[in-house]
J.: 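So that we are looking at the same thing, I have put the structure below in structure tokens.
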Amino acid sequence: MKQAKKSIGLFFIIFIFLATAIFSTTDFAIANNKFGLFSMDSGICSNYSLLLLDDAVAFQLADNPKKGNFSHLLRNDMGKSERWLTFALVYGVSWGIYYIDQHETIKEHGSFDNWYKNIFKLHFDKDSYTYNLIIHPITGHYLYLFWRSRGLSKIESFGMSLLNVFAFEFLVETTTEIPSVQDLYQTAIYGMLLGLGMEQLSIWCHNWDNVPGHILGYIFNPFTLFNFSSYGYKVQANPEFSKNHIGYSFKIYF
Amino acid sequence: MKRIFIVIVFSLLQLNVFAINYAEDNKLISHDFSTGWYFTGSLGNSYANIKSNDDDMSSFIGVSVSSSLGYNFNNFVGLEFGSFLNYNYFQASIIQDSEFYIPDPCFTIWNSFFYIALRVKLPVNSSNPNFNPYFKIYQGFNCGIGRISSYDKDALYNKIIGNGGTVNDYDTVVKNFADQRFFLEGPGFGWAIGNFFNVKNSGPIWYVELSVALMIYWQNYVLDRTDPVIPIIISSDSTSKNERLYSIFLSVGYRFF
């Protein structure tokens, strides 16, 4: 009976994630069919100009740009060099995180020989489902949300996060481990599934347009917090460097 | 196994060629299956049955999540990578072999099945946006992680004491059951039939899919789960009882792009 209850509980948890992910489909249809092209002036939520969007929505946004229009904004100006530089940055960060998390394992089992020999030994791992079904998808969803925050479309974001997952699995983790099919699939695919839901959940919360809503929105999608993010209501978080101090200026719109 | 795999891959390719020819000959190509990438995710129920040479265990209805990333070569045929993830709870009367004696065991299995599939639009001429049936055959590899969730401890105690064991022996066995999990792996294949809804209207495209899969457990491992990160293999062997998992999935999902 307990197991049956667990199953039902699990069913509902997964259902909630999927239900939130469902909202994203319409959004993609708009982007895919090029009905909506956003451009945004510099500043925080100051001025949206909306091209080729449904008139009613355009008027609503023009009249009250702060109300109910927090959304992902597609960027059309991301060049190849910026894209691959960002990819390299994520790859570098993944090395850093891997070292911090696994430095003892790297000392014990890691080697340069492993790094290139393990590349060709793809296998199905026997890790616990805590790792395979929870930690990997959560990692993958952050990757997906990061690329979304750079202004890419859903399919582009998925493609870039998939590349990052492959780069980590084949060119970072091989230092100590053999690449795993589950890690590749579940980090990228389940990560994206989770990311689709979390992004919509975050946008939905931001559009409550009150303090709790924004806080929840930042929690569900932390990338909405940053200055570089390609979302509606922005928060500026800029590093500041000078001769006398190093700091971070932080502006949050509530 | 390699030969079987090669035969199946070539069969898939042949079927693909056949399907494209058939579609072109019969003017079945429409805009329902737009060319390009697609991504689907679904949630559903699963029912599983483990059969072996000397046992037959049915599961309770569990939950399943499936996802697939595919590419439509044309408006008729697509190749996809996907997975079924299902969680099922099994109950058996007894498990008894040279290593284990477990009376009235209940155990749970998380099964992950990764596959490559060919998705073909069924040859129907319909302008109805809610009638777009498809057929899918797939072949892949599955791995199941399970653990014993409960068993009849009194019967186990009586059995160990009856065989001249001590209370310490009983405690050791109980601790082992708590610390260990088992891992089963092997090839799998199956087919699915489904229908896309709302394909020509605005709004989300969704689908219902019924899938039947056979997964063969050709290797099993007993693992120490006390280390949460790296499992320690205590023993492994090829299954000699011809164990196989029959699964039925009924899913409802969305095409996200």
Side-chain angles (χ1 to χ4, degrees), chain A residues 1-4 6-19 21-33 35 101-102 105 109 123-133 135 153-155 158-159 162 176-177 180-182 184-186 188-190 192-194 196-197, chain B residues 34 36-45 60-65 67-69 81-83 85 87-91 106-108 110 112 114 140-143 145 147 149-150 181-183 185 198 202-206 221 223 225 227-233 236 252-257:
Chain A
M1 194 60 196
K2 275 184 180 176
Q3 295 297 330
K6 274 185 186 175
S7 296
I8 293 166
L10 201 68
F11 182 90
F12 278 107
I13 289 168
I14 297 167
F15 177 79
I16 287 165
F17 278 124
L18 271 174
I22 284 159
F23 286 109
S24 61
T25 316
T26 313
D27 172 41
F28 180 81
I30 289 171
N32 196 33
N33 293 322
F35 289 146
D101 188 46
Q102 303 274 328
T105 314
H109 305 291
H123 81 311
F124 287 85
D125 70 39
K126 296 169 187 60
D127 293 355
S128 68
Y129 31 72
T130 313
Y131 262 75
N132 277 348
L133 300 180
I135 293 174
S153 68
K154 284 173 182 153
I155 193 162
F158 168 71
L162 185 70
T176 53
E177 285 181 38
S180 147
V181 175
Q182 289 106 311
L184 288 169
Y185 187 90
Q186 288 165 350
I189 303 285
Y190 291 156
M192 181 187 179
L193 203 59
L194 192 60
L196 283 164
Chain B
S34 55
W37 291 98
Y38 63 89
F39 177 66
T40 63
S42 69
L43 177 71
N45 285 328
F60 290 83
I61 289 177
V63 291
S64 71
V65 179
S67 58
S68 64
L69 176 72
F81 295 93
S83 81
L85 176 68
Y87 173 78
N88 283 95
Y89 175 65
F90 294 85
Q91 198 165 26
C106 297
F107 52 95
T108 54
W110 272 106
S112 303
F114 301 94
F141 197 83
N142 80 96
C143 22
I145 297 178
R147 72 180 189 86
S149 53
S150 67
R181 66 172 189 256
F182 52 91
F183 182 86
E185 65 178 18
N198 205 32
S202 59
I205 297 172
W206 60 283
Y221 302 83
L223 307 167
R225 69 190 186 107
D227 185 335
V229 184
I230 302 168
I232 300 158
I233 297 172
S236 76
V252 178
Y254 280 82
R255 179 172 167 172
F256 294 100
F257 60 75

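Every chain is numbered from 1 and lettered A, B, ... according to where its sequence line falls, protein lines coming before strand lines. Note that the coordinates shown come from a computational prediction; the quantities given were computed from them, not determined experimentally.
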J.: Honestly, is A:K126 close enough over B:Y221, meaning NZ or CZ under 6.0 Å from the six-membered ring centre and within 45° of the axis?
T.: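 Verdict for B:Y221: a cation-pi partner in A:K126.
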J.: Taking all non-hydrogen atoms of both residues, which atom of A:I155 and which atom of B:F257 are closest, and how far apart?
T.: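 Distance-wise, the nearest heavy atoms are CD1-CE1, 3.5 Å.
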J.: As an exercise, state the distance from CD1 of B:I145 to CG of A:D125, rounded to the nearest 0.5 Å.
T.: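 These two atoms lie 7.5 Å from each other.
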J.: Quick one: what part of B:S68 sits under 4.5 Å from any heavy atom of chain A, side chain, backbone, both or neither?
T.: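 Backbone only.
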J.: Which region of A:Q182, side chain (C-beta onward) or backbone (N, CA, C, O), has a non-hydrogen atom less than 4.5 Å from a non-hydrogen atom of chain B, or is it both or neither?
T.: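 For A:Q182, backbone and side chain are both near chain B.
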J.: As an exercise: rank A:V181, A:N132, A:L133, A:I135 by heavy-atom pairs under 4.5 Å with chain B and give me the winner.
T.: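 Going by pairs under 4.5 Å, I would pick A:L133.
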J.: Under a 3.5 Å cutoff, is there a donor and acceptor pairing between the side chains of A:Y185 and B:S112?
T.: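 No, no side-chain donor-acceptor contact under 3.5 Å.
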J.: Might you point out which heavy atoms bring B:S67 and A:I189 nearest each other, and give the distance in Å?
T.: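 The answer is OG-CG2, 3.4 Å.
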J.: Where do B:V65 and A:Y190 come nearest, in terms of heavy atoms and distance?
T.: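 Smallest interatomic distance, heavy atoms only, reads O-OH, 4.3 Å.
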J.: Between chain A and each of B:F81, B:F39, B:W37, B:W206, count heavy-atom pairs under 4.5 Å; write down the option with the most.
T.: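 Of B:F81, B:F39, B:W37, B:W206, B:F39 has the most heavy-atom pairs under 4.5 Å with chain A.
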J.: B:F114 versus A:F124: any side-chain heavy-atom pair under 4.5 Å?
T.: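 They are in contact (side-chain heavy atoms under 4.5 Å apart), so the answer is yes.
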J.: With sequence neighbours excluded, what pairs up with B:N88 under the side chain to side chain donor-acceptor pair (under 3.5 Å) test?
T.: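 Here the qualifying residues are B:S46, B:S59, B:N86.
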